[in-house]
Amino acid sequence: MYGPPVSNCRTPRPPPTPDTAQAAPRVKHHLNVTYSSTQPMNRAADDTGKLCATPAVVTQEFIRTHACKTVKATVSVLKIVNGVPHLEGTAQFTIEHEIDLNLRRTKWSEKIAVSKARLTGRANGIRTVFRPTAPSATAKATGALAKPFTLGSAAPSGGIDYAMRVAKMKKRTTATRYSFAMTKPGYLPGTMTYRSERYRCDDTLWNESQTRRTKAAGCVFPQRATTDDGNLPSGMAFLPHIASNIRKVQSASLHIGRPGSSHPLTRAGEATKKKNRDAVCGGKKPGRGDVTWVVLPTVPGQEYNPTSPSCDEYPFASTHQGGTAYAPPNRAITWVPRWENTRQGQILNSFYAKYRVLVGDPYYINMG
């Protein structure tokens with residue numbers, strides 16, 4: 001007997017589906033912030049900016065305590081499809097900063113002006129939050145910048161109120177961190193962060209026994225070189241022997257310490273001062289012809305003879321340019337009446353205190 005016939009045919013598979021269907025595109029929406037900054041120092045009072053006008057007379061205090069920054073920012077509204085960005089719009093605006101420190105206080109303020117934003121495409125409705133921070137100090141946003149604002153037709157202005165506490169005989173150096181956070185519904189947020197110039201507050205001006213302040217604590221931009229005595233000659237210009245020596249070195253190839261040169265003097269500490277003085281004046285005595293003034297005899301018991309010869313050096317021993325840091329003719333010593341050296345020290349110390357010139361700070365001497 002034979003059974004039913006057996007078929008060799010298998011159940012056919014369904015035909016393959018054509019590979020025409022595409023995966024759904026990966027889409028993101030994002031705010032991207034770019035910026036550039038400048039530090040204008042000589043803007044005329046009638047310039048288009050709201051802040052940072054330079055006064056008619058620029059004082060040394062202004063140089064030491066005043067700083068400006070202009071930031072040009074662009075927020076790009078992006079649609080990112082499969083990793084490829086497509087620009088949907090932009091918001092362009094400018095931020096101006098003007099800081100005024102205080103030589104005699106550790107509280108100061110900053111003015112900030114945000115311009116109207118030029119909007120294109122889908123750049124409307126970008127909400128902005130400003131947050132300033134300053135390590136070692138308090139920094140509180142003020143005015144219209146103390147609350148969120150929307151980029152567009154408004155031009156919010158405000159600023160920052162600062163305060164720093166400094167311990168006796170201490171100093172603190174820091175910089176402000178400016179942060180702008182931008183949000184728009186349906187978009188990933190964007191941020192912009194940048195910093196101010198470094199500034200320093202100190203409470204180091206006390207008498208020798210440290211029982212009384214000789215000047216209240218205050219703040220400066222330490223990298224800003226100041227000049228004794230600004231646009232007028234320093235008091236050293238009227239010390240005949242000392243003035244001649246300084247002018248001779250300032251006229252040499254490097255023009256060390258001369259206003260406008262690229263070689264300012266830099267204040268050094270006491271250890272460096274002693275080392276420099278010993279290197280160029282230590283053990284030296286005046287030679288024939290070095291003393292060109294009348295030296296009065298020292299009265300018995302007199303500790304200070306204002307006419308006795310004293311070795312004087314330039315660059316000063318109290319600077320990093322002093323001692324043997326440079327070869328002649330960019331350094332020189334001369335013999336001067338002791339009273340001139342005493343008076344020079346008084347002028348220099350008064351200048352250091354007036355503009356808070358501490359160790360490491362640059363400065364110039366105007367010899368007229």
Side-chain angles (χ1 to χ4, degrees), residues 14-40 48-52 68-99 110-135 137-160 162 174-198:
T17 303
D19 191 16
T20 58
Q22 298 287 333
R26 291 176 288 109
V27 179
K28 293 181 180 179
H29 294 84
H30 182 62
L31 300 180
N32 183 60
V33 187
T34 57
Y35 70 94
S36 63
S37 66
T38 59
Q39 293 179 333
T48 55
K50 291 184 177 180
L51 305 179
C52 299
C68 286
K69 181 189 286 286
T70 299
V71 176
K72 295 182 178 180
T74 299
V75 183
S76 298
V77 182
L78 302 176
K79 179 180 180 181
I80 303 174
V81 181
N82 292 330
V84 179
H86 300 272
L87 185 64
E88 294 186 318
T90 59
Q92 296 179 315
F93 60 101
T94 299
I95 308 167
E96 291 183 290
H97 298 260
E98 183 175 13
I99 303 179
E110 176 176 358
K111 298 175 185 176
I112 304 175
V114 180
S115 71
K116 296 179 181 179
R118 180 174 175 268
L119 306 181
T120 64
R122 302 189 64 184
N124 60 303
I126 299 176
R127 185 174 182 266
T128 304
V129 176
F130 172 57
R131 289 190 178 91
T133 55
T138 60
K140 182 180 179 182
T142 62
L145 300 180
K147 55 187 178 181
F149 60 92
T150 301
L151 298 178
S153 59
S157 63
I160 305 172
Y162 294 92
T174 189
T176 304
R177 182 177 183 269
Y178 309 104
S179 178
F180 291 82
M182 285 83 165
T183 57
K184 178 178 169 68
Y187 288 78
L188 294 174
T191 59
M192 174 175 63
T193 301
Y194 54 90
R195 296 182 185 276
S196 70
E197 284 189 64
R198 292 182 305 111

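We're numbering straight along the sequence, starting at 1. Bear in mind that the values here come from a model prediction, so they are computed numbers and not experimental data.
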Undergrad: What's the separation between atom OG1 in Thr34 and atom NZ in Lys72, rounded to the nearest 0.5 Å?
TA: 13.0 Å
Undergrad: Look at the aromatic rings of Tyr194 and Tyr178 and report parallel, tilted or perpendicular, splitting at 30° and 60°.
TA: tilted
Undergrad: Could you tell me which non-hydrogen atom of Lys69 sits nearest to which non-hydrogen atom of Ser37, and how far apart they are?
TA: NZ-OG, 4.0 Å
Undergrad: So how far is it from Arg131 CZ to Phe180 CZ, rounded to the nearest 0.5 Å?
TA: 12.0 Å
Undergrad: Please answer whether the main-chain N or O of Pro135 pairs with a side-chain N or O of Thr174 as donor and acceptor at a distance below 3.5 Å.
TA: yes
Undergrad: List the atom of Leu151, the atom of Ala91, and the distance in Å for their closest heavy-atom pair.
TA: CD1-CB, 4.1 Å
Undergrad: Let me confirm one number: the CD1-OG1 distance from Ile126 to Thr90, rounded to the nearest 0.5 Å.
TA: 8.5 Å
Undergrad: Please list, chain by chain and in numerical order, all residues satisfying side-chain hydrogen bond (donor to acceptor under 3.5 Å, both in side chains) with Thr138, sequence neighbours excluded.
TA: none
Undergrad: What is the distance from atom NZ of Lys111 to atom CD1 of Ile99, rounded to the nearest 0.5 Å?
TA: 12.5 Å
Undergrad: Which salt bridge (charged side-chain N to carboxylate O under 4.0 Å, His left out) pairs, counting each pair once, include a residue from residues 139-155, with sequence neighbours left out?
TA: none
Undergrad: Measure the spacing between CG of Leu145 and OG of Ser157 and express it to the nearest 0.5 Å.
TA: 7.0 Å
Undergrad: What's the shortest heavy-atom distance between Glu110 and His97, and which atoms?
TA: OE2-ND1, 2.8 Å
Undergrad: Could you measure the distance from the CG atom of Leu51 to the CD atom of Glu96? Nearest 0.5 Å is fine.
TA: 5.0 Å
Undergrad: Do any N or O atoms from the side chain of Thr142 and from the backbone of Gly159 form a donor-acceptor pair under 3.5 angstrom?
TA: yes
Undergrad: Does any non-hydrogen side-chain atom of Val114 lie less than 4.5 Å from one of Phe130?
TA: no
Undergrad: Ala134 and Tyr162: which non-hydrogen atoms are nearest, and at how many Å?
TA: CB-CE2, 4.3 Å
Undergrad: Distance-only check: which donor-acceptor pairs under 3.5 Å involve side-chain atoms of residues 74-89, not counting sequence neighbours?
TA:
| from | atom 1 | to | atom 2 | distance (Å) |
| --- | --- | --- | --- | --- |
| Asn82 | OD1 | Arg26 | N | 2.9 |
| Glu88 | OE1 | Tyr187 | OH | 2.6 |

Undergrad: Ignoring hydrogens, what is the shortest heavy-atom contact between Leu31 and Met182? Give both atom names and the distance.
TA: CD1-O, 3.7 Å
Undergrad: Which atom names give the shortest non-hydrogen contact between Met192 and Ala73, and what distance separates them?
TA: SD-CB, 3.7 Å
Undergrad: Please confirm whether the backbone N or O of Thr193 pairs with a side-chain atom of Tyr35, one donor and one acceptor, at under 3.5 Å?
TA: yes
